[in-house]
Amino acid sequence: METTIEAVHLTLPDGSVRTVPPGTTPLEVAASIGPRLAKDAVGAELDGRKVDLRLPLAQGGAFRIFTVKSPEAGEFIRHSAEHVLADAVKRLWPEAEIDAGRKDHSEKFQYDFRFPRAFTPDDLARIEDKMREILAEKSGFERIEVSRGEAERVFRDLGETLKVERLKEIPEGETITLYRDGRFTDLCRGPHVQNLSQIGAVKLLEASGVYWKGDESNERLQRIYGTAFGSEKELAEYLAQVELARARDHRRLGQELDLFSFNPLAPAMPFLHPKGAAIYIALIDYVRELNARYGYGEVVTPQILDVELWKTSGHYDNYQENMFFTEADEREMAVKPMNCPTHCLIFGTRLRSYRDLPIRYADFGRLHRYERSGVTNGLFRVRSFQQDDAHVFCTEEQVESAVLAATGMILELYRTFGFDEVRIELSTRPAKRIGSDELWDHAEASLARALDGRCIRYQVNPGDGAFYGPKIDFHVQDALGRSWQLGTVQLDYQMPQRFGLKYVAADGAEHQPVMIHRAMLGSVERFLAILIEQTAGAFPLWLAPVQAVVLPVSEKFAGYGERVRAALAAAGVQVELDDRNEKLGYKIREAQVQKIPYMLVVGAREQEEGTVAVRRRAGEDLGALTVDAFLARVGDLVASRSREL
RNA sequence: GCCGGCAUAGCUCAGGGGUAGAGCUACUGUCUUGUAAACAGUAGGUCCCCGGUUCAAAUCCGGGUGCCGGCUCCA
């Protein structure tokens, strides 16, 4: 229950404290600081939470005002533009029903409508014009607290039945607020800008059909996406940023750098060209090295197996719609979507002793999963791929140390790629699950203990575990700020049971081993895509498909160039010779565009001295080095998997 | 799978009911090249596929396939 307080203490960014009576609004606080601040204010923040300027303050805390110039203003601006969008659509098509906007306004806004047809690009242009008209009216936002009954009456009278539904989602006891700007009123918890003149630029981006409340079985609504900023300049900067991100799209770079392609004859199944495959193989080689060091034995398992196996594993019942099937010798067969069942078969080929455990199998087997058309996306989401997959069979007592070892291995691997921001999530029992609660208690506790023991920080993600066991997921942030779930460590008590796996313990009795699923890169295809976008195609030396290119200044030095190429190739460098009849500038430009780490220029001087003139892809000239000196440099960088050149 | 868009030379794209266009690339020749694009010429097409409308379809209409942006799902 709220206690009545007599004064609200606000700590401003400069450390000073301002004391105001409860019910004072941030706007009033701003006005007390200065008229200019009050005029420019778009919103406020209390203890890290963005709040509306018109919110009566009930308690104190760290407090600041955002103005149109603040980077944080965007969220208030876009949230407010969202209402303008809804208003514009209603003005153009009064019969449209409004549903709701977006929660996250860090980049975009959106609004869903019940509308009999899809919005066309022409519609978007009309709506955008209408929005500008509305912005020109410069209405202020009004915050109105209402009772549930009042709110329901308002939207019933307006014929907004979707809104009435949305109202029911608001938990009992929560304050219900409406926001009104000009003629438009919406159910909204805010916060919004002071008035529409603070929205300097709007742009509608696209329209799409969406399922109501995100549920496929529900009716379809029409969604419009847009973005807004305080000024046209900021909008232009945002659009330029988007354009820049497009330039490092891995599908585009995959073609430009001749890494991979797709063919309609095998939809969503990538063809890796020699250069793409070179990176892919280098990644796998690295994982192999780690596997060997951490005690994994690599196995090779079949691609197509009798459905009997998949019935045993549970995939036939739970995963069928994602599997490819075929038939041979009048037996129904399935192409494997996962490796784990085959590893259970290997484990079961002989009597295992507790002395043998943990047994660790690694597998780079090719997996095929039928993905619904429309969900595939470049190398990010494909129908044919490999994982750096592994399964650890261990005793109950070994779970904690095995999980810890896998975690350490995963973190070591991420450091190599410079993914220093790793978010770890512990996903616990989902509603739909198998196994007793005691087993889940135990499994979740084992994972938590493993992480706590090493003081590894993690978030609990309740209810997001696999149906057979809890898991630890590893998320990394890429250069574009996107988060990817890569690695996973999953506890599984079910698969060993289904396959009747046993080991003989010290007491001579048979026990069931625990299975741990482990992946680090996740899908190698997807990891490659992330890496392409992360590096914009400028791979670290150890991954670069072509590490150096020899560039003779003219045809006269092609012979010396070839000798250099051969010497480097013999030492294991992936090197090419560009002996085409072109000017040096032309060859350099092309090598640069291809992001080749080193360009080795050879002419009269170099031939004379037995050197190469080294240019790095970033543009610096390292001067002349002997072939041996260059080899030493490259050798060290490759051996250490350095991200430097 | 669902909503919308797109599909023209190897690539990026223009055009458009009546003989198919550009730049880059490729190839050939001239030049013999010194750190991000020498010059000239040549070649290159079932305008995604199937059907319909029309005297005539790459263009208009319908269906299919693939891709793109979303939704849902997910490594």
Side-chain angles (χ1 to χ4, degrees), chain A residues 108 110 112 115 117-121 123-124 205-225 242 246 249 251-252 255-256 258 261-268 319 321-322 337-339 367 369-389 473-474 484-488 490 517 519-530 551-558 580-594 599-606 613-624:
Chain A
K108 294 178 184 177
Q110 70 189 37
D112 295 352
F115 197 63
R117 60 176 178 84
F119 290 107
T120 64
D123 290 336
L124 294 191
L205 300 169
E206 65 225 348
S208 166
V210 297
Y211 303 107
W212 185 52
K213 293 186 180 177
D215 185 335
E216 254 180 318
S217 57
N218 282 345
E219 79 169 294
R220 178 167 291 282
L221 303 180
Q222 300 300 329
R223 175 175 299 171
I224 296 173
Y225 291 89
V242 168
R246 233 169 61 88
D249 186 309
R251 291 167 300 193
R252 179 184 172 134
Q255 188 197 58
E256 288 174 1
D258 196 17
S261 63
F262 287 91
N263 189 293
L265 295 175
Y319 207 69
E321 62 280 10
N322 282 295
M338 296 186 195
N339 294 309
L367 307 177
R369 297 184 187 174
Y370 173 75
E371 300 286 355
R372 302 152 100 195
S373 69
V375 308
T376 60
N377 178 337
L379 291 180
F380 284 143
R381 185 89 176 267
V382 292
R383 288 176 172 167
S384 170
F385 63 106
Q386 287 172 218
Q387 291 177 321
D388 58 334
D389 201 11
D473 289 327
F474 297 79
W484 298 96
Q485 192 218 300
L486 298 181
T488 184
Q490 306 183 356
H517 305 248
M520 304 191 287
L521 304 175
S523 142
V524 185
E525 276 73 3
R526 198 188 60 172
F527 191 82
L528 175 59
I530 294 168
L551 306 178
V553 159
S554 83
E555 284 180 328
K556 282 188 271 186
F557 308 104
R580 290 174 306 173
N581 181 17
E582 294 289 351
K583 298 185 87 140
L584 181 62
Y586 180 90
K587 296 185 199 181
I588 287 187
R589 178 185 151 77
E590 192 164 289
Q592 198 90 21
V593 167
Q594 289 293 308
M599 286 151 254
L600 308 177
V601 176
V602 294
R605 284 197 296 280
E606 289 75 17
V614 183
R615 179 194 162 100
R616 289 204 282 200
R617 76 179 153 210
E620 321 92 299
D621 189 346
L622 298 186

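Below, chains carry the letters A, B, ... as their sequence lines are ordered, and counting in each starts from 1.
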Measure from the side-chain heavy atoms of [X] and tell me the nearest of [options].
| X | options | result |
| --- | --- | --- |
| Pro267(A) | rG1(B), rA36(B), rC67(B) | rC67(B) |
| Gln387(A) | rU35(B), rG4(B), rA75(B) | rA75(B) |
| Val593(A) | rC3(B), rG34(B), rA36(B) | rA36(B) |
| Val601(A) | rU35(B), rA75(B), rG69(B) | rU35(B) |

Closest to the 5' end of RNA chain B, once Ala604(A) and Glu582(A) are matched to their nearest nucleotides, is Ala604(A)
5'-most contact on RNA chain B (nearest-nucleotide basis), Tyr211(A) vs Ser384(A), goes to Tyr211(A)
Rounded [atom1] spacing from [N] to [M] in Å:
| N | M | atom1 | answer |
| --- | --- | --- | --- |
| rA57(B) | rA40(B) | P | 40 Å |
| rU54(B) | rC68(B) | P | 38 Å |
| rC24(B) | rC61(B) | C1' | 36 Å |
| rG21(B) | rG62(B) | P | 29 Å |
| rA75(B) | rC3(B) | C1' | 26 Å |
| rA38(B) | rG44(B) | C1' | 24 Å |
| rC27(B) | rC67(B) | P | 31 Å |
| rC11(B) | rG18(B) | C1' | 30 Å |

Any base atoms under 4.0 Å from [X], or only sugar-phosphate, or nothing? Heavy atoms, all strands.
| X | answer |
| --- | --- |
| Ala624(A) | nothing |
| Ala591(A) | nothing |
| Gly374(A) | base |
| Glu606(A) | base |
| Glu206(A) | sugar-phosphate |
| Arg117(A) | nothing |
| Arg369(A) | base |
| Tyr225(A) | sugar-phosphate |
| Gly522(A) | nothing |
| Tyr319(A) | nothing |
| Arg605(A) | base |
| Lys583(A) | base |
| Val382(A) | base |
| Glu256(A) | nothing |

How close or far is atom [atom2] of [N] from atom [atom1] of [X], stated in whole angstroms?
| X | N | atom1 | atom2 | result |
| --- | --- | --- | --- | --- |
| Phe262(A) | rG10(B) | CZ | P | 20 Å |
| Phe380(A) | rC67(B) | CZ | P | 16 Å |
| Leu265(A) | rC48(B) | CG | C1' | 12 Å |
| Glu555(A) | rA38(B) | CD | C1' | 14 Å |
| Trp212(A) | rC3(B) | CH2 | C1' | 18 Å |
| Arg251(A) | rC67(B) | CZ | P | 11 Å |
| Phe527(A) | rA75(B) | CZ | P | 17 Å |
| Glu321(A) | rG1(B) | CD | C1' | 12 Å |

**Glu582(A) side chain reached by Arg589(A) side chain, heavy atoms, under 4.5 Å** = no
It should be established whether [X] places a side-chain nitrogen or oxygen under 4.0 Å from OP1 or OP2 of nucleotide [N].
| X | N | answer |
| --- | --- | --- |
| Ser208(A) | rC3(B) | no |
| Arg381(A) | rC68(B) | no |
| Gln255(A) | rU12(B) | yes |
| Tyr586(A) | rC39(B) | no |

So which nucleotide does [N] pair with, by the Watson-Crick or G-U wobble rule with both distances under 3.5 Å?
| N | answer |
| --- | --- |
| rG18(B) | rC55(B) |
| rC71(B) | rG1(B) |
| rU35(B) | none |
| rU65(B) | rA7(B) |
| rA43(B) | none |

Legend entry - N-O pairing of Glu525(A) and Arg369(A) below 4.0 Å: no
*Check ion pair Asp249(A)-Arg251(A) (N to O, under 4.0 angstrom)*: yes
Between Thr376(A) and Ala268(A), the two heavy atoms sitting closest are CG2-CB, 3.5 Å
Counting only distance, no hydrogens or angles, is the base of rU72(B) paired donor-acceptor with the side chain of Arg372(A) under 3.5 Å? yes
Any donor-acceptor pair, under 3.5 Å, between the side chain of Glu371(A) and the base of rA75(B), if you only look at N and O atoms? yes
Measuring from atom [atom1] of [X] to atom [atom2] of [Y], what distance do you get when rounded to the nearest 0.5 angstrom?
| X | Y | atom1 | atom2 | answer |
| --- | --- | --- | --- | --- |
| Leu551(A) | Lys587(A) | CG | NZ | 6.5 Å |
| Glu606(A) | Leu600(A) | CD | CG | 10.0 Å |
| Ile224(A) | Phe115(A) | CD1 | CZ | 8.5 Å |

Crowding at CZ, Arg246(A) (>12 non-hydrogen neighbours, <6.0 Å): no
From the list Leu379(A), Leu486(A), Val382(A), Leu521(A), side-chain contact (heavy atoms from CB on, under 4.5 Å) with Arg526(A) holds only for Leu486(A)
Report yes or no: is the ring centroid of Phe385(A) under 5.5 Å from the six-membered base ring centroid of rA75(B), with the two planes under 30 degrees? yes
Which of Arg223(A), Gln222(A), Lys213(A) passes side chain to side chain donor-acceptor pair (under 3.5 Å) with Asp112(A)? Answer is Arg223(A)
